[in-house]
Peer 1: 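I'd like to ask you about the structure that follows.
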Amino acid sequence: MDKVYVQNIIENAKAFKSGKLVSSVAGKTVAMMFLENSTRTKCSFELAGKRLGLHVLDFEASKSSFSKGETLVDTLHNLYFIGVDAVVIRSGENGLLERTRAELKYPIKLVDAGEGNLSHPTQALLDYMTITEKLGDIEGKKITIVGDIKHSRVAKSNIELLNLFGTDVHLCAPKYFMDETIKNVIWHDNLAEAIKDSDVVMMLRAQRERHEKLDYSFEDYVEAFGLNSEKLEKYAPNAILMHPGPVNRDVEISSELLDSKKGEIILEQARNGTYVRMAVLQEVLSV
Ligand code: CP
């Protein structure tokens, strides 16, 4: 991602949202290949495709010939000859898209819908759209991401994008959820100190399905890093509250905070996902 790409996608996403832009790619075909579960990303990519007038195929991996040993590259070559122009892929495997692109012999387009703990670019784009709708220019703004940074693809893509726009990125996690390889950020292990006077507080889900090798007390984690209205009001009363979803109620965010006015922006993030994914699909299919 570079600044020009991001600005172009966001401009088009906002134009789709306001009805000022119409599809220029109707009639093309996109397939959804979700090798990991998803609600927001899959549904919004599907709806985005339909709103653009695309043919949208649901590639159900468990019912496909993957189960018979066909490789991903062979599958994609076959989909290309069947008539698919682009495939939206979610996978748990870091680096899968890059490796696969390098092996493809035919020009089928691949779109990253979240990969391992490495990247989730359309989530970062929709988060950026949501933040700028609320705050305008974000240069110099304090944006604090709290939680399981180590296992979060959302955090990695957001940090990359936010650094492009000169934000003051703070990360808050216990040692076992930190990733010291992340650059251009300020780390905290204390929630109050981290969120103090933040413009944005972005909470992340603790990805317990990826924690089998960690030895920690989940209850202590929730006590120290879970956010509620009292803490938010005390330390960052003007912050907007974000979360990529899925939210684990009363773990990273208390139910009373999630159901309050402050929690509404999380659903606005989901809404913006459809417009951002329309812009991304149109851009990918226009080349
Ligand atoms: N934020 C996000 O990627 O949600 P899903 O896993 O439901 O797509």
Peer 1: Output yes when Glu36 and Arg153 qualify as a salt bridge under the 4.0 Å nitrogen-oxygen rule, no when they do not.
Peer 2: yes
Peer 1: Between Lys183 (side chain) and Thr181 (backbone), is there a donor-acceptor pair under 3.5 Å?
Peer 2: yes
Peer 1: When hydrophobic residues are tied together by side-chain contacts of less than 4.5 Å, even through go-betweens, does Leu57 share a cluster with Phe81?
Peer 2: yes
Peer 1: So which heavy atom on Leu118 is nearest to which on Gly95, and how close?
Peer 2: CD2-N, 3.7 Å
Peer 1: Taking side chain to side chain donor-acceptor pair (under 3.5 Å) as the test, write out the residues that go with Arg90, two or more places apart.
Peer 2: Thr41, His120
Peer 1: Strictly distance-based, threshold 3.5 Å: is any side-chain N or O of Ser65 a donor or acceptor partner for the main-chain N or O of Lys68?
Peer 2: no
Peer 1: Below 3.5 Å, can you tabulate the donor-acceptor pairs from side chains in residues 239-246 to any protein atom, sequence neighbours excluded?
Peer 2:
{"residue": "His243", "atom": "ND1", "partner": "Gly245", "partner atom": "N", "Å": "2.8"}
{"residue": "His243", "atom": "NE2", "partner": "Glu252", "partner atom": "OE2", "Å": "2.8"}

Peer 1: Would you say the side chain of Asn184 lies within less than 4.5 Å of the side chain of Val169, judging by non-hydrogen atoms?
Peer 2: no
Peer 1: Is the CD atom of Gln7 crowded by more than 12 outside heavy atoms at less than 6.0 Å?
Peer 2: yes
Peer 1: Whether Lys17 and Glu268 form a salt bridge (side-chain N of Lys/Arg under 4.0 Å from carboxylate O of Asp/Glu) is what I want to check.
Peer 2: yes
Peer 1: Does a side-chain heavy-atom distance below 4.5 Å link Leu126 with Arg277?
Peer 2: yes
Peer 1: Work out which heavy atom in Leu35 is nearest to a heavy atom in Phe66; give both atom names and the distance.
Peer 2: CD2-CE1, 3.6 Å
Peer 1: I'd like to check His188 versus Thr144 (side-chain heavy atoms, cut-off strictly below 4.5 Å). Are they in contact?
Peer 2: no
Peer 1: Count the heavy atoms of every other residue, nucleotide or ligand shown that sit under 6.0 Å from CD of Glu223, and state whether that count exceeds 12.
Peer 2: no
Peer 1: Taking Val247 as the starting point, is it possible to reach Leu257 by hopping between hydrophobic residues whose side chains are less than 4.5 Å apart?
Peer 2: yes
Peer 1: Less than 4.5 Å apart, any side-chain heavy atom of Tyr235 and any of Leu191?
Peer 2: no
Peer 1: Contact between Thr75 and Met33 at the side-chain level, heavy atoms closer than 4.5 Å - yes or no?
Peer 2: yes
Peer 1: For Lys28 and Leu281, what are the C-alpha separation, side-chain angles and deciding distance, and is it a side chain to side chain contact (heavy atoms under 4.5 Å, CB included)?
Peer 2: CA-CA 10 Å; Lys28 298 207 174 194; Leu281 287 176; over 6 Å; no
Peer 1: Could you tell me whether the side chain of Ser152 and the main chain of Ile149 form a donor-acceptor pair under 3.5 Å?
Peer 2: no
Peer 1: Within the structure provided, determine whether Arg51 and Tyr275 are in side-chain contact (heavy-atom separation under 4.5 Å).
Peer 2: yes
Peer 1: Rounded to the nearest 0.5 Å, how far does CG of Asn238 lie from CG of Leu232?
Peer 2: 9.5 Å
Peer 1: Charged N to carboxylate O below 4.0 Å: is that the case for Asp259 and Arg249?
Peer 2: yes
Peer 1: Please say which of Leu258, Val201, Val146 ends up in a side-chain contact (heavy atoms from CB on, under 4.5 Å) with Leu227.
Peer 2: Val201
Peer 1: For the backbone of Ser24 and the side chain of Gln282, can you confirm whether one donor and one acceptor N or O come within less than 3.5 Å of each other?
Peer 2: yes
Peer 1: Have Gln269 and Asp127 got a donor and an acceptor in their side chains that come within less than 3.5 Å?
Peer 2: yes
Peer 1: I'd like to know if the side chain of Lys109 reaches the main chain of Val287, judged simply by a donor and an acceptor atom lying under 3.5 Å from each other, with no hydrogens or angles considered.
Peer 2: yes
Peer 1: Just verifying a value: how many Å separate Tyr128 OH and Leu164 CG, rounded to the nearest 0.5 Å?
Peer 2: 9.0 Å
Peer 1: Once you measure the plane-to-plane angle for Tyr106 and His77, does it fall in the parallel (<30°), tilted (30-60°) or perpendicular (>60°) bin?
Peer 2: perpendicular
Peer 1: Tell me if the centroids of the rings in Phe225 and Phe177 come within less than 6.0 Å of each other.
Peer 2: no
Peer 1: Tell me whether the count of non-hydrogen atoms from other residues, nucleotides or ligands lying under 6.0 Å of CG in Asn37 goes above 12.
Peer 2: no
Peer 1: Is a donor from one side chain sitting under 3.5 angstrom from an acceptor on the other, for Asn117 and Lys150?
Peer 2: no
Peer 1: Quick one: does Phe59's side chain get under 4.5 Å of Val84's, heavy atoms only?
Peer 2: no
Peer 1: Closest approach of Trp187 and Ala173, non-hydrogen atoms and distance?
Peer 2: CZ3-CB, 4.2 Å
Peer 1: On a heavy-atom basis, which atom in Leu125 and which in Ile10 lie closest, and how many Å separate them?
Peer 2: O-CD1, 3.4 Å
Peer 1: Under the side chain to side chain contact (heavy atoms under 4.5 Å, CB included) criterion, do Asp112 and Thr122 qualify, and how do the steps go?
Peer 2: CA-CA 8 Å; Asp112 184 351; Thr122 57; over 6 Å; no
Peer 1: Is the side chain of Asn248 donor-acceptor paired with the backbone N or O of Arg205 at a distance under 3.5 Å, no angle test?
Peer 2: no
Peer 1: Is the count of non-hydrogen atoms from other residues, nucleotides or ligands lying under 6.0 Å from Glu98 atom CD greater than 12?
Peer 2: no
Peer 1: Spell out, as yes or no, whether a donor-acceptor pair under 3.5 Å connects the side chain of Asp168 to the backbone of Gly140.
Peer 2: no
Peer 1: Going hydrophobic residue to hydrophobic residue with side-chain gaps under 4.5 angstrom, can you get from Tyr5 over to Ile159?
Peer 2: yes
Peer 1: Quick one: do Lys261 and Glu264 make a salt bridge, cutoff under 4.0 Å?
Peer 2: yes
Peer 1: When you measure from the side chain of Ser157 to the backbone N and O of Val154, does any donor-acceptor pair fall under 3.5 Å?
Peer 2: no
Peer 1: Ignoring hydrogens, what is the shortest heavy-atom contact between Ser44 and Thr274? Give both atom names and the distance.
Peer 2: CB-OG1, 3.5 Å
Peer 1: Can you tell me how far the CD1 atom of Ile131 sits from the CG atom of Asn158, to the nearest 0.5 Å?
Peer 2: 6.5 Å
Peer 1: Is it true that atom CZ of Arg271 has more than 12 heavy atoms of other residues, nucleotides or ligands lying nearer than 6.0 Å?
Peer 2: no
Peer 1: I would like to know whether Leu110 and Leu104 meet side chain to side chain contact (heavy atoms under 4.5 Å, CB included); could you show each step before the answer?
Peer 2: CA-CA 10 Å; Leu110 306 185; Leu104 285 176; 4.0 Å; yes
Peer 1: Shortest non-hydrogen contact from Phe16 to Leu21?
Peer 2: CD2-O, 3.3 Å
Peer 1: Looking at side-chain heavy atoms only, is the closest gap between Asp189 and Met178 below 4.5 Å?
Peer 2: yes
Peer 1: Is a donor on one side and an acceptor on the other found under 3.5 Å between the side chain of Asn228 and the backbone of Ser254?
Peer 2: no
Peer 1: Is there a donor-acceptor contact under 3.5 Å linking the side chains of Ser91 and Glu93?
Peer 2: no
Peer 1: About how many Å separate CD1 of Ile195 and CD1 of Ile143, when rounded to the nearest 0.5 Å?
Peer 2: 14.5 Å
Peer 1: Donor-acceptor pair, distance only, cut-off 3.5 Å: does the side chain of Lys234 make one with the backbone of Lys196?
Peer 2: no
Peer 1: Evaluate Met1 against Ile9 for side chain to side chain contact (heavy atoms under 4.5 Å, CB included), listing each step before the verdict.
Peer 2: CA-CA 11 Å; Met1 274 194 284; Ile9 292 291; over 6 Å; no
Peer 1: Find the distance between CE (Met202) and CD1 (Ile266) and round it off to the nearest 0.5 Å.
Peer 2: 10.5 Å
Peer 1: Report the residues that fulfil ring-ring contact (aromatic ring centres under 6.0 Å, His included) with Phe34, sequence neighbours left out, ordered by chain and then residue number.
Peer 2: none
Peer 1: What distance separates Ile89 CD1 from Leu96 CG, expressed to the nearest 0.5 Å?
Peer 2: 6.5 Å
